[in-house]
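Notes for the one structure printed next.
Throughout, a chain's letter reflects where its sequence line sits, starting with A, and its residues are numbered from 1. Quick note: numbers below take in every heavy atom, side chains included, and nothing from hydrogens, waters or symmetry partners.
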2 protein chains.
Amino acid sequence: MIKNASLRQLKVFEAVARNLSYTRAAEELFTTQPTVSIQLKQLTDLVGLPLFEQVGKKIYLTDIGQELLKVCNEMFEALSRFEMMVSDAKGVKAGKLRLSVITTAKYFVPRLLGLFCQRYPGIDVSLKVINREMVLQRIVANMDDLYVLGQPPEQMDMVAEPFLENPLVVLAAANHPMAGKKNIPLKSLATEPFVLRESGSGTRLATEKFFSEHGIKIKVRMELGSNEAIKQAVIGGLGIAVLSAHTLALEHSNNELTILDVKGFPLHRNWYLAYHRGKSLTVVAKAFLDFIETEKKLLGETYLTRISGFPSKNIQSKKKKM
Amino acid sequence: MIKNASLRQLKVFEAVARNLSYTRAAEELFTTQPTVSIQLKQLTDLVGLPLFEQVGKKIYLTDIGQELLKVCNEMFEALSRFEMMVSDAKGVKAGKLRLSVITTAKYFVPRLLGLFCQRYPGIDVSLKVINREMVLQRIVANMDDLYVLGQPPEQMDMVAEPFLENPLVVLAAANHPMAGKKNIPLKSLATEPFVLRESGSGTRLATEKFFSEHGIKIKVRMELGSNEAIKQAVIGGLGIAVLSAHTLALEHSNNELTILDVKGFPLHRNWYLAYHRGKSLTVVAKAFLDFIETEKKLLGETYLTRISGFPSKNIQSKKKKM
DNA sequence: AACTACGATAGACTATAGTCTATGATTAGA
DNA sequence: TCTAATCATAGACTATAGTCTATCGTAGTT
């Protein structure tokens with residue numbers, strides 16, 4: 001009986017129905033495909049009829065599945081409306097949001113804040129774009145409400161909510177010998193000079209961890225303190241680099257850079273919205289958290305599709321079908 | 001954030017909002033008041049604003065609580081609609097329901113079946129009204145789909161869903177010396193002759209258990225094999241009896257009987273819809289289970305208010321206010 | 001003041017919900 | 001045929017949801 005279902009099951013169902021893919025839904029929900037599979041099986045058992053049918057490798061909603069999707073949308077819409085009313089009642093009319101983000105996040109955070117400020121026009125925002133080291137310092141000093149990080153610091157008791165994919169890609173100059181090749185073996189990179197961010201940066205940590213796990217020792221030719229500098233060094237032929245695909249989002253001309261199609265890349269990382277666990281969040285900070293939680297489905301689609309050359313054809317082709 | 005709420009919490013909230021009483025809601029949900037209290041506290045913490053306010057001993061919905069009640073009703077209505085669609089899709093258009101009930105249940109089960117058959121006109125119903133002993137035999141022999149009992153047999157692996165209150169009351173002749181008295185001490189009954197059902201009946205088990213737990217030894221003057229016979233014996237002055245309040249529901253003239261206001265009574269028992277756990281229920285039986293699950297709120301109000309002399313003033317006065 | 005009724009809280013416990021890794025089955029494409 | 005992609009299942013584990021009994025606090029009534 002559907003009334004014994006859980007909202008979690010319904011959320012999972014809705015994500016699968018929208019994506020028409022268990023795996024995509026799992027990624028979106030920051031969980032694994034078997035979890036999605038099990039949740040859907042439980043829901044299907046409750047309903048007593050199949051909600052999806054599989055034709056070849058594709059899944060389609062059954063008629064009953066279509067009806068349940070409508071019901072889900074009604075329900076979640078009703079809950080969203082209620083949340084708006086609650087925020088209004090709480091007087092989220094004015095206040096200040098203090099947000100510190102690491103530098104790569106500057107490519108998308110201002111847009112997020114723009115949307116947020118449209119919804120809550122009375123809220124002031126203080127945005128600091130700084131490197132990871134300084135973010136960590138500010139966390140310790142409790143100087144902000146929330147932080148955007150690519151790698152939450154494990155040595156601190158933080159709550160970290162993933163809200164956006166942060167794919168790390170291999171960048172090379174457009175005229176690089178490997179440009180345009182498909183499925184470049186990872187070993188091929190061992191002879192390439194690398195340009196990396198400074199020790200301590202999240203991207204560097206992730207890069208070193210990945211190559212270390214695959215038994216590849218990379219040659220670091222140069223360390224630079226900013227993403228822009230790294231991109232210029234790559235364009236200048238000084239080496240290749242691993243950077244967040246988000247760093248390409250604002251380029252008005254990407255002809256000088258290319259993303260290499262390397263096996264194992266892009267590394268699927270996330271952006272996290274984080275705060276110290278003991279921190280008592282302000283109403284405004286909670287509103288921003290809720291806003292991000294509500295909008296994060298849209299975020300995944302909006303920002304990655306704007307990155308030229310990023311292998312996001314799955315998302316794009318799916319979008320055309322829907 | 002309300003989206004992390006559970007449907008259970010919302011159900012509890014809705015029951016409290018409708019009843020404007022934690023205790024009444026707990027009874028309706030067949031659970032305890034602290035459970036309700038905790039669930040509501042969790043929900044309130046999620047919302048971040050009070051959902052009820054207490055003025056004196058009465059609780060009232062806050063404005064936000066009112067809104068949440070609307071949202072709940074929308075959501076549960078959407079789910080109910082979906083269940084209808086599912087039943088249709090499953091083809092609950094025709095079939096047979098085999099139901100056996102103990103004799104006291106004859107006072108209300110036909111009405112239930114009437115409502116059920118209105119909704120599913122193509123379904124045939126076989127209803128057997130028999131004593132408890134025979135019900136148990138039929139369970140063992142797997143002769144029916146579902147059973148209505150006042151006391152599920154503990155020695156069998158049964159699923160038993162409570163769906164209606166079955167209050168056990170003390171009946172006496174209208175001219176009994178204790179008639180009209182308030183808060184009659186339990187000890188006063190020790191000197192009264194009792195007329196009981198046969199050993200093995202659920203009512204008798206419950207009666208003996210209650211008095212045994214209170215250290216009262218009752219004098220059994222007579223055992224009779226039917227509720228009607230017991231009532232006639234009570235009217236005739238042969239003693240008092242403990243019977244389900246439901247036995248009074250069909251009386252066109254209750255002037256010869258009265259319900260004594262004894263401390264500890266009415267005993268709050270339930271009617272159960274039960275089936276053997278290993279039983280694979282037919283689509284029709286499942287539909288009846290779902291029907292009862294959906295309608296059980298209404299049942300509690302409808303049937304008990306019809307019992308003349310039953311102390312149900314709380315329900316009646318609340319109904320007038322709503 | 002004593003008693004009753006009702007909601008709130010503490011503490012303890014059980015049930016179940018949710019999740020993961022590993023692996024199997026199936027399909028489509030090269 | 002092989003590889004890749006995707007969903008299904010098994011088994012194990014953790015987290016949390018739900019619940020109860022006992023008791024306290026408050027308000028209203030007698």
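Counting to the nearest Å, the P atom of D:dA17 and the CG atom of B:Leu10 are 13 Å from each other. The NZ atom of B:Lys11 sits 16 Å away from the C1' atom of D:dT19 (whole-angstrom rounding). In this structure, the CG atom of A:Asp45 is 13 Å from the C1' atom of D:dA8, given to the nearest Å. One can place CZ of A:Phe52 at 14 Å from C1' of D:dT6, the figure rounded to the nearest angstrom. C:dT23 atom P lies 16 Å from atom CD1 of A:Ile38, rounded to whole Å. Residue B:Glu27 contributes atom CD, which lies 10 Å from atom P of C:dG7 at whole-angstrom precision. Rounded to whole Å, atom C1' of C:dC6 lies 13 Å from atom CZ of B:Arg24. One interatomic measurement links the two molecules: CD of B:Gln54 to P of C:dT9, which rounds to 11 Å at whole-angstrom precision.
Dashed line: the shortest gap from a side-chain N or O of A:Thr23 to OP1 or OP2 of D:dA5 is not under 4.0 Å. Distances shown here put a side-chain N or O of B:Thr32 below 4.0 Å from the OP1 or OP2 atom of D:dC20. Between B:Thr31 and D:dC20 there is a side-chain N or O to OP1 or OP2 distance below 4.0 Å. At the phosphate of C:dA17, neither OP1 nor OP2 sits under 4.0 Å from any side-chain N or O atom of B:Arg8. Applying the 4.0 Å criterion to OP1 and OP2 of D:dT6, one finds that A:Ser21 has every side-chain N and O outside that range.
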Determine, stepwise, if the pair B:Phe210 / B:Phe265 fulfils ring-ring contact (aromatic ring centres under 6.0 Å, His included). CA-CA 10 Å; B:Phe210 175 77; B:Phe265 281 85; 5.0 Å; yes

Test A:Leu20 against A:Lys58 for side-chain contact (heavy atoms from CB on, under 4.5 Å), laying out the working first. CA-CA 8 Å; A:Leu20 290 178; A:Lys58 302 187 179 183; over 6 Å; no

Go through it in stages, so that I can follow the logic: the residues are B:Phe13 and B:Phe52, the test is ring-ring contact (aromatic ring centres under 6.0 Å, His included), and I'd like the CA-CA distance, side-chain angles, deciding distance and then a yes or no. CA-CA 10 Å; B:Phe13 165 78; B:Phe52 294 97; 5.5 Å; yes

Test log, rule side-chain contact (heavy atoms from CB on, under 4.5 Å), inputs A:Phe82 and B:Glu67: CA-CA 7 Å; A:Phe82 179 72; B:Glu67 295 300 328; 4.1 Å; yes

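Of the candidates D:dA8, D:dC20, C:dT19, the closest approach to any side-chain atom of A:Pro34 belongs to D:dA8. Candidate nucleotides C:dG18, C:dA8, D:dG11 were compared by shortest atom distance to the side chain of B:Tyr22, and C:dA8 ranks first. For A:Ser6, taking side-chain heavy atoms from C-beta onward, the closest of the listed nucleotides C:dG18, C:dA10, D:dC7 is C:dG18. Looking at the side chain of A:Lys41, the nearest of the listed nucleotides D:dC20, D:dT9, D:dC7 is D:dT9. Nearest nucleotide to the side chain of A:Lys263, out of D:dT21, D:dA4, D:dA8: D:dA4. Closest to the side chain of B:Gln33, from the set D:dC20, C:dA8, D:dC7, is C:dA8.
The base of D:dA17 lies outside donor-acceptor range of the side chain of B:Gln39, with no N or O pair under 3.5 Å. A donor-acceptor contact under 3.5 Å is not formed by the side chain of A:Gln9 with the base of C:dA17.
Using a 4.0 Å heavy-atom criterion, one finds that A:Thr35 contacts the bases of the nucleic acid, with or without backbone contacts as well. Within the 4.0 angstrom heavy-atom criterion, base atoms lie near B:Ser37.
Between the side chains of B:Asn19 and B:Glu28, at least one donor N or O sits under 3.5 Å from an acceptor N or O.
A:Pro153 has its side chain within reach of A:Met158: a pair of non-hydrogen atoms, C-beta onward, lies under 4.5 Å apart.
Each of A:Leu40 and B:Leu7 was matched to the nucleotide of DNA chain D holding its nearest heavy atom; the match closer to the 5' end belongs to A:Leu40.
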